[in-house]
Amino acid sequence: MTTRIPIVENILSANDRMAARNRDLLDQAGVYSINIMASPGAGKTSLILKTLEALNGRLKLGVIEGDLATSIDAEKAAAAGLPAVQINTGGDCHLDAAMLADALPTLPLEDIDLVLVENVGNLICPANFQIGTHLNVLVASIPEGDDKPYKYPGMYRGVQVLIINKIDLLPYVPFNMDYFKRGVEILNPGVVTFAVSSKTGEGMDEWADWLVERVKNNGG
Ligand code: MG
Ligand code: ZN
């Protein structure tokens, strides 16, 4: 008897094989890569642009933007002078390894140290699909509320770095940082965390400095 469970496993393992191929391609080119995940409106694109500013030429970036539709975000990255490619998922709510495999060769990898992949804005399934990047980063933002670790545990568990964005809004919206951090700590003890504002630039230097070290120490 065939059940549904083996079918799901086959899809995931095909994705994982493709993800491993993406990783090989990146490693051969000496490119480090980050999968940036967040809910819609958490500020992924503006964080990427602020990161470019804070890096101040220390790393050569490339950007892959994932969205259901439009090329608005890739156009913003290109306008900032970055090699950028847009993936339109055509309605899919996450990026998968095959999409990244199509996008990577369109970037000038030989001229890039770090590829920032902006996943589709969604706090549920992007964490379940490996795409071959080296590091998973979650961008949380103050206006989303302090209960998100409790409501979306899979996403908070699956990342190596947490960026808390829009901290400039802390005086204006109810957000209990202790409650938020307790939730994170249960799911992902000791996760590397940065508190930033991509509007004011607060905290961006710490994040950019950490990123430079990480890329240099990991074969970027
Ligand atoms: Mg965006
Ligand atoms: Zn999805």
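Source: prediction; values computed, not measured.
- Between the side chains of Asp96 and Asn15, no donor-acceptor pair is found at a separation under 3.5 Å.
- Screening Val196, Val184, Thr193 for a side chain to side chain contact (heavy atoms under 4.5 Å, CB included) with Ile164, the sole residue that qualifies is Thr193.
- Between the CG atom in Leu135 and the CG atom in Asn218 there is a gap of 8.5 Å [rounded to 0.5 Å].
- A donor and an acceptor atom, one from each side chain of Thr45 and Asp73, are located under 3.5 Å apart.
- Distance OH/Tyr32 to CG/Leu211: 8.0 Å, rounded to 0.5 Å.
- A perpendicular orientation is assigned to the rings of Phe180 and Tyr156, their planes being inclined by more than 60° (bins at 30° and 60°).
- With hydrophobic clusters built from ILVMFWY side chains whose heavy atoms lie under 4.5 angstrom apart, Ile142 does not share a cluster with Ile163.
- Atom CD of Gln130 is surrounded by 12 or fewer heavy atoms from other residues, nucleotides or ligands within 6.0 Å.
- Grouping the Ile, Leu, Val, Met, Phe, Trp and Tyr side chains by contacts below 4.5 angstrom, directly or via other members, places Phe175 with Met155.
- Here CG of Asn122 is found 9.0 Å from OG of Ser39. Values are rounded to the nearest 0.5 Å.
- Shown here for Ile131 and Ala19, the closest heavy-atom pair between the two residues is C-CB, 3.7 Å.
- Residues Ile48 and Leu138 are members of separate hydrophobic clusters, defined by side-chain heavy-atom contacts under 4.5 angstrom among Ile, Leu, Val, Met, Phe, Trp and Tyr.
- Salt-bridge check for Glu53 with Lys50: passed, with a basic side-chain N closer than 4.0 Å to an acidic carboxylate O.
- Judged by distance alone, the side chains of Asp27 and His134 do bring a donor and an acceptor atom under 3.5 Å apart.
- In the hydrophobic clustering of ILVMFWY residues, with side-chain heavy atoms under 4.5 Å counting as a link, Val117 and Leu162 come out apart.
- Residues Arg58 and Asp209 are paired through a salt bridge, judged by an N-O separation under 4.0 Å between the basic side chain and the carboxylate.
- Listed here is the closest heavy atom pair of Ala54 and Ala208: CB-CB, 3.7 Å.
- Judged by distance alone, with hydrogens and angles left aside, the side-chain atoms of Asp146 form a donor-acceptor pair with the main-chain N or O of Asn176 at under 3.5 Å.
- Using a 3.5 Å distance cut-off with no hydrogens or angles, the side chains of Ser197 and Asp168 do pair a donor with an acceptor.
- If you chain together hydrophobic residues whose side chains sit under 4.5 Å apart, Ile34 and Val192 fall into the same group.
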